[in-house]
Amino acid sequence: MQLLHATILAIGVLAAASCTQGDGSASNGSAMQYTVLDDQASQLRTDFNRKAGSVRLLFVVDPICPTCLRGLADMNRDLLAGTVDPRLQTFVVHEPVLGIARVAPWLRPSGGKDVPKAAQLLHNPQVQHYWNSSGAFGRLLSRAIGLKNSKGPVYAWDVWLLYGPEAKWEGTEPPRPRLLMHQLGALRGSPEFPHLDSHVFARQVQTLLAQLPPSATPDLAHSSQ
């Protein structure tokens with residue numbers, strides 16, 4: 001019953017997003033583009049480090065997952081749509097999890113074609129989208145941050161991470177975040193990783209942004225090279 005309810009919500013969310021494509025908010029052609037990630041997430045690592053000095057968000061979703069889509073819509077409503085600030089950068093990694101992807105991600109017919117529709121849910125110019133067809137990123141992130149329950153490691157998807165301006169991705173694995181929230185049954189009740197609350201997440205982000213210098217320009221050093 002919960003899955004049916006979530007699916008209905010997701011359909012409504014996507015329908016609403018489709019109806020607002022012409023409003024000029026981040027639903028333009030460039031916002032629908034995405035980068036294909038290799039299994040080492042090389043481009044994401046480069047982009048993440050290039051934005052050092054800013055507050056960075058990392059959302060990891062399956063673009064056809066109803067609860068993931070609901071999470072994107074909530075983050076848009078409570079944070080991204082109202083925060084057009086270059087000091088806040090958002091990276092969204094889309095990976096195949098549901099359906100045939102559970103056993104053979106390369107066999108899901110639509111593949112990255114699902115990404116642009118999900119991307120419509122985030123109305124912010126400082127968002128970059130990525131597609132990892134093998135699903136390797138979920139394993140990489142899970143290992144890096146110690147995502148696990150009493151039974152062992154938990155695959156990283158439908159997770160929402162917050163990084164401060166000091167974070168740097170060194171080596172092969174992503175850094176540990178200041179905050180990770182999730183919508184996973186496997187982590188229900190976890191004292192370390194709370195369930196997603198977009199209002200709480202947004203307040204944490206705004207607190208970090210308030211600590212940055214108003215004139216902060218994270219890309220200045222890189223643009224001069």
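We use all heavy atoms of the structure for the numbers below, so side chains are in, but hydrogens, waters and symmetry mates are not.
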Hey, what do you get for [atom1] ([X]) to [atom2] ([Y]), rounding to the nearest 0.5 Å?
X      : Y      : atom1 : atom2 : result
Leu140 : Thr172 : CG    : OG1   : 6.5 Å
Tyr34  : Gln128 : OH    : CD    : 15.5 Å
Gln204 : Leu57  : CD    : CG    : 12.0 Å
Trp169 : Leu44  : CH2   : CG    : 4.5 Å
Glu95  : Asp62  : CD    : CG    : 7.5 Å
His123 : Gln120 : NE2   : CD    : 7.5 Å

Can you check whether [X] reaches [Y] side chain to side chain, under 4.5 Å on heavy atoms?
X      : Y      : result
His199 : Arg77  : yes
Val55  : Leu209 : yes
Val36  : Ser133 : no
Gln43  : Leu37  : yes
Gln89  : Arg50  : no
Arg139 : Tyr155 : yes
Leu141 : Leu147 : no

Could you pull out the closest heavy-atom pair between [X] and [Y], with the gap in Å?
X      : Y      : result
Lys148 : Pro153 : CB-CA, 3.8 Å
Met181 : Leu196 : CB-CA, 3.7 Å
Arg176 : Ile145 : NH1-O, 2.7 Å
Asp38  : Ala41  : OD1-N, 2.8 Å
Val92  : Val61  : CG1-CG2, 4.1 Å
Leu98  : Cys65  : CD1-CA, 3.5 Å

Report task. Would you please say whether a donor-acceptor pair under 3.5 Å links the side chains of Thr83 and Gln206? Result -> yes
Query raised in the report: Between Thr67 and Asp158, do the side chains contain an N or O donor and an N or O acceptor separated by less than 3.5 Å?
Result: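 Per modelled atom types, Thr67 and Asp158 side chains form a pair under 3.5 Å.
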Report task. Just say parallel, tilted or perpendicular for the rings of His195 and His182, cut-offs at 30° and 60°. Result -> perpendicular
Report task. Could you tell me how the ring of Tyr163 sits relative to the ring of Phe48: parallel (under 30°), tilted (30 to 60°) or perpendicular (over 60°)? Result -> perpendicular
Would you find a donor on one side and an acceptor on the other, under 3.5 Å apart, between the side chain of [X] and the backbone of [Y]?
X      : Y      : result
Asn149 : Gly152 : yes
Asp114 : Pro63  : no
Arg56  : Thr90  : no
Ser142 : Gly138 : no

Requested in this report: Could you walk me through whether Ser198 and Asp74 pass the side chain to side chain donor-acceptor pair (under 3.5 Å) test, one step at a time?
Outcome: CA-CA 6 Å; Ser198 56; Asp74 289 346; 4.6 Å; no
Query raised in the report: Can Leu69 and Ile64 be said to form a side-chain contact (heavy atoms from CB on, under 4.5 Å), step by step?
Result: CA-CA 7 Å; Leu69 297 176; Ile64 66 169; over 6 Å; no
Requested in this report: Answer with yes or no whether the hydrophobic clustering places Val200 together with Leu72; edges join I, L, V, M, F, W, Y residues whose side-chain heavy atoms lie under 4.5 Å apart.
Outcome: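 Same cluster.
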Query - side chain to side chain contact (heavy atoms under 4.5 Å, CB included) partner of Leu88, chosen from Leu212, Val127, Leu80 - result: Leu80
Requested in this report: Could you tell me if the ring centre of Phe137 sits under 6.0 Å from that of Tyr130?
Outcome: no
Query raised in the report: Does Lys51 come within less than 4.0 Å of Asp47, counting only side-chain N to carboxylate O?
Result: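 Looking at Asp47 together with Lys51, the answer is no, because their closest N to O distance does not fall below 4.0 Å.
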